[in-house]
Number of protein chains: 2
Amino acid sequence: MARWEPGARERLVVAAVDLFTEQGYDATTVAQIVQRAGVTKSTFFRYFPDKRDLLVAGQETLSTLLTEGIAGAPDGAGPLAAVAAGLERASSAFGPMNREIAPRLKAAVAASTELQERDALKSVGLAAAMTGALRERGVPEATAQLAAELGVLAFKRAFARWSEAEREEDFAPYALTALDEIRAAGAALD
Amino acid sequence: MARWEPGARERLVVAAVDLFTEQGYDATTVAQIVQRAGVTKSTFFRYFPDKRDLLVAGQETLSTLLTEGIAGAPDGAGPLAAVAAGLERASSAFGPMNREIAPRLKAAVAASTELQERDALKSVGLAAAMTGALRERGVPEATAQLAAELGVLAFKRAFARWSEAEREEDFAPYALTALDEIRAAGAALD
């Protein structure tokens, strides 16, 4: 069976997350990360402006995919259906590496306020990207913002479950199930 | 008419926010902040562990008030009504100082990724506090999380409007109006 073969970028992410987990985020230097990953410093800086960016490496890709999915939803699709289309499109970004590093990444974030802050800003960025894509479809601002927040909630719930699943699976069904759950929860708000 | 007279803590916050706006967050030192505020360094550290904490000075108070308000909502109140009670209770934390520094704080945050990250984590903390308080009331997890996120959205919308209002007003009606708008937006999600 073919094993997943990481490239330089993936090796950097895995090395960094391992070092963050072993010795903490603050104590880890770029020099240590490149040594562990077996690449040069200039390779590091080709991929990441700084150490912290390693952890949000996929954010831009993710925002782009969510935006594309929302924009490409059928004309008659409502805001939540468009968010679902965004999540489906985004699922192409989740492969073996994400699954492999997820538990270590979670531990590193749990141990560092700085990483928690970075992670929180990532959610804000994803919500803003989805809100913008929904507004482009003519969705009024308050509804767009709300639908986008539900999308972020669904994304987080789905990612937690998907990364802890027993075997490798597609991300999309996890995302759609989570979005359905959140929509159902909305019926019990009053 | 009695003018609002700031104490040492308030003077530190105002001085810091002004300096962040004038010269940026990174370039501002604790020494400069205490000089501008006319207090000693030890006074600074009595109130704030570090520079960054100035900007989330009210977060703990706010979380406590939201939690108390949600816990104190009538037995029959649904999740969103409990969130409304939390927001009403929290409004006691918003006085002249918050209004005075709001535009400068907004400018400082807009100019600094580090402050944006800190601000994003603050929202996560408020959502977690509200989720916990709702779960204490027996609200199922998904509904609690959703109601809390709507509470954070309402809080942000209300704060933006309240701080930009022509004259000094209570925060509570702003918060309740924003929550109503978000609830109404929820009807148009499908």
Side-chain angles (χ1 to χ4, degrees), chain A residues 49-50 52-53 55-56 76-84 109 112-128 131 134 137-154 156-157 160 177-190, chain B residues 49-50 52-53 55-56 76-84 109 112-128 131 134 137-154 156-157 160 177-190:
Chain A
D50 70 30
R52 192 149 55 165
D53 283 290
L55 292 174
V56 283
L80 270 193
V83 167
V109 170
S112 158
T113 307
E114 199 170 351
L115 295 187
Q116 285 161 35
E117 293 175 352
R118 195 69 199 78
D119 198 52
L121 190 61
K122 177 179 168 175
S123 296
V124 171
L126 296 180
T131 302
L134 289 164
R137 291 178 65 85
V139 177
E141 198 262 337
T143 308
Q145 223 183 352
L146 178 57
E149 290 294 340
L150 303 198
V152 171
L153 270 185
K156 288 187 195 165
R157 289 171 80 88
T177 300
L179 192 61
D180 275 346
E181 285 172 7
I182 291 166
R183 183 205 305 237
L189 282 173
D190 284 316
Chain B
D50 69 30
R52 193 148 56 163
D53 283 290
L55 292 174
V56 284
L80 270 193
V83 167
V109 171
S112 159
T113 307
E114 198 171 353
L115 296 187
Q116 286 161 33
E117 291 175 352
R118 195 69 199 78
D119 198 52
L121 190 61
K122 177 179 167 174
S123 296
V124 171
L126 296 179
T131 303
L134 288 165
R137 292 178 65 86
V139 177
E141 198 262 339
T143 308
Q145 222 184 353
L146 178 57
E149 291 293 341
L150 303 198
V152 171
L153 269 186
K156 287 186 194 166
R157 289 171 80 88
T177 300
L179 192 62
D180 275 345
E181 285 171 7
I182 291 165
R183 180 204 307 234
L189 283 173
D190 284 317

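Computed over heavy atoms, backbone and side chain alike; hydrogens, waters and symmetry mates excluded. Just so it is clear: chains get the letters A, B, ... in the order the sequence lines come, proteins before strands, and each one is counted from 1.
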- Item | Atom of B:Val139, atom of B:Ala144 and distance for their closest heavy-atom approach | CG1-N, 3.5 Å
- Message: For B:Gln116 versus B:Val109, what's the shortest heavy-atom pair and its separation?
- Response: NE2-O, 3.1 Å
- What part of B:Thr113 lies closer than 4.5 angstrom to a heavy atom of chain A: side chain, backbone, both or neither? both
- Task: Under 4.5 Å heavy-atom distance to chain B, tell me which part of A:Leu134 shows up: side chain, backbone, both or neither.
- Result: neither
- Which atoms of A:Leu153 approach chain B - backbone, side chain, both or neither, heavy atom under 4.5 Å: side chain
- What option among A:Ile182, A:Asp190, A:Val124 has the most heavy-atom pairs under 4.5 Å with chain B? A:Asp190
- Correct closest heavy-atom pair for A:Ala188 and B:Thr143 would be O-CG2, 3.8 Å
- Assert top hit (heavy-atom pairs under 4.5 Å, partner chain B, pool A:Ala120, A:Gly78, A:Ala77) equals A:Ala120
- How about B:Leu189 and A:Leu150: do any of their side-chain heavy atoms sit closer than 4.5 Å? yes
- Message: For chain A, which candidate among B:Gln145, B:Lys122, B:Glu181 shows the most heavy-atom pairs at distances under 4.5 Å?
- Response: B:Gln145
- Message: Heavy-atom cut-off 4.5 Å, strictly under: side chain, backbone, both or neither for A:Glu149 against chain B?
- Response: side chain
- Message: What's the separation between atom NZ in B:Lys156 and atom CG in B:Asp119, rounded to the nearest 0.5 Å?
- Response: 7.5 Å
- Item | Rounded distance [0.5 Å steps], CG in B:Leu179 versus CZ in B:Arg157 | 10.5 Å
